[in-house]
Amino acid sequence: MTEEPSGQIAYRVVRLKPHGAAWFVVGPRGLLRSGLPEPTVAAARRKATGEFPDAVEVADLWPEFVRQLEDYFRGGRVTFKARLDWSRVTPFQRDVYRRLRRVPFGRTITYGALATAAGHPGAARGVGMAMKRNPFPPVVPCHRVKEAGGGLGGFSASGGIEQKKWLLAMESQSVSRH
DNA sequence: CGCGGCACGAGGC
DNA sequence: GCCTCGTGCCGCG
C-alpha cells in the first residue's frame, strides 16, 4: 500500500465511469474523508482541497482501496476495508459509524434502530445529524439508513436523494442477482 | 452561555 | 393528522 508523504495529507481522485469522479483524503492515521462521485474530476478535486487546503494529490494513493471503490460502483458486493481516522468525529458519531459499517451490503436499518444498536437509544435525531455529517461515504454506508415509517429519510451528499435511491437500487439488484 | 434547528421517532390527543 | 419532547450537535448571538 502506497503511503502518503511523511506526515502530510494526501488525496486522490478516482474516475468511475459512468458515475463521475469519487475522491478521498488520507492522513497519517488513516482515511480522513471520502466522497461519492462528483460530476467531474475538477469538482472532486475542489471537494478534497476545499476541506483540506494543504492536501497534495497523489496518483497512486491506496490502490487497494481504489480497487474496492471501482468494484463497488460496478455493482460489486463490496465491504470496504479501510483504516478510518476518528480524530475529527465525536464519540457519539464514532459509535454510530462503527455500528453502521456492520450493516451489510443490500440491507437497511432505521435511524432509531441504529441509534439503539449503537448504544444510544432515543438518539434517532442525533443519528440523522451524524449521517448528514458522515465524512466517509460510502465506506460508512449512510444511504442504508431509512425512516421507521417507511420513508427514505434525507440525503445531503451532492447527489441528493436521487443518489441515495440509486445506491439502494444498485445494492438490491446486486443482491437479488444472487 | 442559551436557543433554534436538523436526514428521527414515540407517545398523546 | 397535529403537537411535544428526548437525543446529539452545531451555529449564532
Side-chain angles (χ1 to χ4, degrees), chain A residues 9 11 14 16 19-27 29-40 43-44 46-55 68-69 72-73 75 77-80 82-175:
Chain A
I9 299 184
Y11 78 95
V14 186
L16 297 167
H19 314 296
W23 56 277
F24 62 96
V25 183
V26 172
R29 292 205 288 265
L31 188 67
L32 280 165
R33 184 80 166 78
S34 52
L36 295 171
E38 296 291 326
T40 65
R46 272 197 302 276
K47 285 277 185 178
T49 55
E51 254 179 87
F52 299 89
D54 299 332
Q68 293 171 32
L69 283 171
Y72 179 75
F73 282 97
R77 196 123 93 246
V78 171
T79 300
F80 289 99
R83 169 135 172 269
L84 304 190
D85 183 341
W86 297 109
S87 63
R88 306 168 64 93
V89 309
T90 67
F92 171 80
Q93 287 170 321
R94 189 180 32 97
D95 292 343
V96 172
Y97 296 155
R98 267 210 235 275
R99 182 61 188 77
L100 178 54
R101 281 192 81 185
R102 309 207 330 254
V103 173
F105 186 102
R107 297 261 295 279
T108 63
I109 189 170
T110 68
Y111 292 93
L114 177 54
T116 300
H120 298 266
R125 197 162 190 170
V127 166
M129 193 89 295
M131 295 305 100
K132 181 175 175 173
R133 302 195 191 304
N134 177 16
F136 308 117
V139 177
V140 170
C142 54
H143 58 282
R144 292 176 195 150
V145 187
K146 304 203 286 190
E147 291 178 355
L152 254 195
F155 205 64
S156 44
S158 25
I161 196 68
E162 290 307 314
Q163 188 156 35
K164 183 170 188 172
K165 285 188 203 166
W166 182 85
L167 288 166
L168 289 171
M170 183 185 75
E171 293 195 3
S172 92
Q173 278 173 41
S174 171
V175 167

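This is a predicted model, so every value here is computed, not measured. Throughout, protein chains are lettered first and strands after them, A, B, ... in sequence-line order, and every chain is numbered starting at 1. Any value given below was found using the heavy atoms of this structure, including those in side chains, with hydrogens, waters and symmetry copies removed.
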Going by atom types alone, do A/T110 and A/E147 pair a side-chain donor with an acceptor below 3.5 Å? no
Tightest non-hydrogen contact, residues A/L31 and A/F136, listed as O-CE2, 3.2 Å
Exam field: side chain A/Q173 to backbone A/M170, donor-acceptor pair closer than 3.5 Å: no
With B for base contact, S for sugar-phosphate-only contact and - for none (protein heavy atoms under 4.0 Å), nucleotides 8-13 of chain B reads BS----
Which is the 5'-most and which the 3'-most nucleotide of DNA chain C that has an atom under 4.0 Å from a heavy atom of chain A? C/dG6 to C/dC10
Taking A/F80's backbone N and O only, do any of them form a donor-acceptor pair with A/R101's side chain (distance below 3.5 Å, no angle check)? yes
Check whether any side-chain N or O of A/E38 sits under 3.5 Å from a backbone N or O of A/A44 as a donor-acceptor pair, and report yes or no. no
Counting only pairs under 3.5 Å, give me each side-chain donor-acceptor contact of residues 159-167 of chain A, with atom names and distances, residues two or more places apart or in other chains.
unit_1	atom_1	unit_2	atom_2	d
A/E162	OE2	A/K165	NZ	3.4
A/Q163	OE1	A/G159	N	3.1
A/K164	NZ	A/V145	O	2.8
A/K164	NZ	A/L152	O	2.8
A/K164	NZ	A/G154	O	3.0

Paired stems touching DNA chain C, three or more consecutive Watson-Crick or G-U pairs with both distances under 3.5 Å? B:1-6 with C:8-13, B:8-13 with C:1-6
Ring-face cation contact, A/W86 with A/R98, 6.0 Å cut, 45° max: yes
Give me the distance, rounded to whole Å, that separates C/dG1 from B/dA7 when you measure between the C1' atoms they each carry. 22 Å
Can you establish whether the number of heavy atoms outside A/R107 located under 6.0 Å from its atom CZ is more than 12? no
Which donor-acceptor pairs under 3.5 Å do the side chains of residues 114-126 of chain A make with protein atoms, sequence neighbours left out?
unit_1	atom_1	unit_2	atom_2	d
A/T116	OG1	A/G112	O	3.2
A/H120	NE2	A/D95	OD2	2.8

From NZ of A/K164 across to P of B/dA7 the rounded distance in Å is 11 Å
I need the CD1-C1' distance between A/I109 and B/dA7, as an integer number of Å. 15 Å
I need the CZ-C1' distance between A/R133 and B/dG5, as an integer number of Å. 11 Å
Sorted by chain and residue number, the side chain to side chain contact (heavy atoms under 4.5 Å, CB included) partners of A/R88 (sequence neighbours excluded) come out as A/L32, A/F52
